[in-house]
Amino acid sequence: MAYWLIKSEPDVYGIEAMRQENIGIWDGVRNYQARNFLKSMKSGDLVFFYHSNTKPPGIAGLVQVVETMVVDPSQFEVDGEYYDPKSTPEYPRWHTVKVQFLEALPELLELNTLREQFEPEELLLVKRGSRLSVIPIADNVAQRLFKLGGFKHSA
DNA sequence: GCCAACGTTGGC
DNA sequence: GCCAACGTTGGC
């Protein structure tokens, strides 16, 4: 099993929206590096849910991959924000995953705390200027995050 | 609101 | 294939 971190703006789709939906499709990723990480996710992988572009930013909860290699439907929505004219149903360019809500942290694990605890080499998230929205997390870093955040889940 | 860090686009 | 211009992300 692998660990990941995904970023979302809470004003658009936050951990509470995730809780309400229970299972959500992670659509709208239009960056090839992020997509390639999405494509390599496996069912059962645990994913830290990060709130970006908010004050303060930080890890807000935990979700789990329940379905992989899902064709992102938003690439076919002509009037939608994520329409990709180069995609066809036969040759979709964008695959993603479905994730299930596991838990929301009572207290945000803030980015400035993460900066204190991790080197950029350990956790790409704390590297200045890091814009990647899907990030792999090493096992030992995941364990430390579980502890730091006081997650109920751990593995 | 600023701006650093990148990713993408498009002319050549 | 290069690279300048442009657009976006996202912390501060």
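First the proteins, then the strands, lettered A, B, ... as listed; each starts at 1. Because the structure is a prediction, the values reported are computed rather than measured.
- Under the 4.5 Å side-chain criterion, counting only non-hydrogen atoms from C-beta, A:K127 is not in contact with A:E121.
- Residue A:F118 is grouped with residue A:L109 when hydrophobic side chains (ILVMFWY) are merged at heavy-atom distances under 4.5 angstrom, including chains of intermediate members.
- Shown here are the side-chain hydrogen bond (donor to acceptor under 3.5 Å, both in side chains) partners of A:D27, two or more places apart in sequence or in another chain: there are none.
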Exercise for the section: Starting at the 5' end of nucleotides 7-12 of chain C, put B wherever the base has a protein heavy atom under 4.0 Å, S where only the sugar-phosphate does, and a dash everywhere else. Expected result: BBBSSS
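- When the P atom of B:dA5 is taken as reference, atom CD1 of A:I135 falls 17 Å away, rounded to whole Å.
- At least one side-chain heavy atom of A:L111 sits under 4.5 Å from a side-chain heavy atom of A:Y50.
- The salt bridge (Lys or Arg N to Asp or Glu O under 4.0 Å) search around A:R93 returns A:D84, not counting sequence neighbours.
- Sorted by first and then second residue, the pairs that involve residues 9-31 of chain A and meet ring-ring contact (aromatic ring centres under 6.0 Å, His included), not counting sequence neighbours, are A:W26-A:F49.
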Exercise for the section: Could you walk me through whether A:E122 and A:R144 pass the salt bridge (charged side-chain N to carboxylate O under 4.0 Å, His left out) test, one step at a time? Expected result: CA-CA 11 Å; A:E122 300 178 293; A:R144 288 164 64 194; 2.7 Å; yes
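- Between A:K127 atom NZ and B:dA4 atom C1' the separation is 13 Å, expressed in whole Å.
- Pairs of residues two or more places apart, or lying in two chains, that qualify as ring-ring contact (aromatic ring centres under 6.0 Å, His included) and include a residue from residues 59-102 of chain A are A:Y32-A:W94.
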Problem - Nucleotide-level pairing of DNA chain C, given in dot-bracket where Watson-Crick and G-U pairs need both distances under 3.5 Å and | marks other strands - result: ||||||||||||
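- Atom CG of A:N31 is separated from atom C1' of B:dC6 by 10 Å (rounded to the nearest Å).
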